[in-house]
Amino acid sequence: MKAIDVQNLTRDFDGLRAVDDISFHVEPGEIFGFLGPNGAGKSTTIRILTGQLRPTSGSASVMGWDVVEQRQQLKPLIGVVFEVQNLYLRMSGRENLRFAARLYRVDKHRVEEVLDRVGLLDRAKDTVENYSNGMKQRLLIARALLHRPKVLFLDEPTRGLDPHVAREIRSRVRELAQEGMTIFLTTHYMEEADQLCRRVAFIDHGKIAAIDTPEQLKLDHGESEEATLEDVFIRLTGSHLSHWSKGS
Amino acid sequence: MNSTNTSWTETLYNIWVVGSKDIVDALKPKTTLINIVVVLALLVFFYWILSVRPFDKGVDVVVVPESGSSTFEDDIDLGDGVLIRFFPVSSVEEMRRSMGYSNLGLVVPEGFDAALEAGEQPVLTGYVNWFQRFKISELENQYTEQFSLALGQPVCIAIQGESIIPRTGTLGNEAAVAFHLVFVTFFMVISIVPFLMLDERKTKTMEALLVSPLSVAEIVLGKALAGMFYALVIGAGWFLLNHMYVVNWGMALLAFILIALFSLGISLLMGSLVHDRIKLSLYNLPVTILLIVPAFFAQESNTASGFRAYLEILPTAALSRLMNASLSVGITGIDLLKDLAISLGFTVLIFAAVVWLIRRSDR
């Protein structure tokens, strides 16, 4: 069984095609990178795969469950780290996780366990509004891991974080994959995708431009032996992306 | 976790998880706390202004002079601006119908004037409105003392245990008291619940809820539960202060639950439609004016025909009439069913609209 299986997925918004007939799959235990510029269709795809949005056509399943028809069965199997730090700011870190634990029927002890795992145990009783960006991001990851999901969706997990925190998060992601968790990662950082992902897909204007291992993509599409994933990305998805790619 | 296989206990637990979080969370913003204090202050204020303190202001007495007594024809000034005013009627039945805002009904027995002249202590039969039934002995003493002072010799006022209960549709304290419950409950709920929805959308925590095992209906009902908690707080306060008005407790509790549910529906709808805190605060005002202010006139028959027609179908007016019916006697089955249908129908429609709006977000 594929961890994620997407077939001819399309999503329109008021006549605008955000996702255009894409197909791909993700193997269990794989870190899969889903890369593209802003507005390319990454978040829309994540929203469809996590059951928040219905596709206009096509189908998708996660751990064998259809994301439209069987989304209630799908929900306990997935964890999502959203692009936005959507936490209850007036609650403490611990309260945020305890609330999530009650939603997922998870024991309270697990809350302490994940707080410890993301290094927030000593700040657990502080209100989240007093957390730094990095701490909030770690708390988001803790919340997504609380119920031991089979598939973890990470939407730009290191965006806006300082290099130390970003490196720490990448290290955690690698650990989780080693433990057998499937990870669907979107990121703007090509180097991050190169380091972490077994395979990556480039999405641009809603279409998949290429999908393969980072090494193979560099071999197939790089202009020289020193070509980076970013070079390949820019080549495949168009020069208009270079400005943000360099900026990142 | 198929929604169709989810047991009722799981559903209730999910609703409780969201509701209990929101009950606590609602108290955290200062604006909400201020709103709660304002509503509680309004609760006490309305109670205070509707309280009957006859000898602080003036005493209106409906008199039945059985033998043509002339003693109570002219008003009596007790000093300090307190005036006893008399309104003669021809029978006890007429007195019952005329009590309205009057403090006391008085039946003057045959030979009363002669007994006064003879220096005896004549006995007058008194009637008070039903909401004063719990303090009859206190009122007997008070009226006996004040009337003895006013007449310059002792009289005895014996208040009947059977107090005067108004018929549904008459305009007395009960109409104002019934409206008061609609107003404070609506105001309390609309001050809290839309902001719970709004905050959830604004901080995108709604997305986290939507990917959790909760269904959309459970999220909405969880928010409704938090609102219901605060509605119950204000309702408990109202019943504590105004219990003496209630004639039919079953109907009163049913009317209150419907008032709370309707207020919750409107609040959830507002929270789903408006995505900005300032706009939401601004829109609360016209919504309150359109829905609540007209309900004040729910019992008023002497209004323009267009307005009357609006009041007939306005759910808050129907709720006010239902509450009013629980504070009085004689509502007809048809009127009761009509007001129940209007209140329930609108509430169900509004809740359906809220679920549809949230579900639509995945379309």
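Chain identifiers are assigned alphabetically (A, B, ...) following the order of the sequence lines, protein sequences preceding nucleic acid strands; residue numbering begins at 1 within each chain. As the structure is a prediction and not an experimental result, all values here were calculated from the model.
- With no hydrogens or angles considered, a side-chain donor-acceptor pair links D155(A) and S43(A) at under 3.5 Å.
- Of the listed residues K21(B), K202(B), E200(B), the one with more heavy-atom pairs under 4.5 angstrom with chain A than any other is K21(B).
- There is no side-chain donor-acceptor pair under 3.5 Å between S281(B) and N284(B).
- For the side-chain contact (heavy atoms from CB on, under 4.5 Å) with F184(A), the qualifying choice from I46(A), V80(A), V62(A), L152(A) is I46(A), the only one to do so.
- The greatest number of non-hydrogen atom pairs below 4.5 Å with chain A, out of V211(B), T203(B), V24(B), L214(B), is found for V211(B).
- Contact of E95(A) with chain B is made through the side chain alone, with heavy-atom distances under 4.5 Å.
- No donor-acceptor distance shorter than 3.5 angstrom exists from the side chain of Q137(A) to the backbone of L161(A), with no hydrogens or angles considered.
- If you measure heavy-atom distances from D199(B) to chain A, the contacts under 4.5 Å come from the side chain alone.
- With a 4.5 Å cut-off on non-hydrogen atoms, R143(A) touches chain B through its side chain but not through its backbone.
- Between chain B and the options F82(A), Y88(A), F99(A), heavy-atom pairs under 4.5 Å are most frequent for Y88(A).
- For chain B, no part of L89(A) is nearby; none of its heavy atoms comes within less than 4.5 Å.
- For the residue pair T187(A)/E156(A), the side-chain donor-acceptor check at 3.5 Å is not satisfied.
- A salt bridge does not link R174(A) with E168(A): none of the charged nitrogens is closer than 4.0 Å to a carboxylate oxygen.
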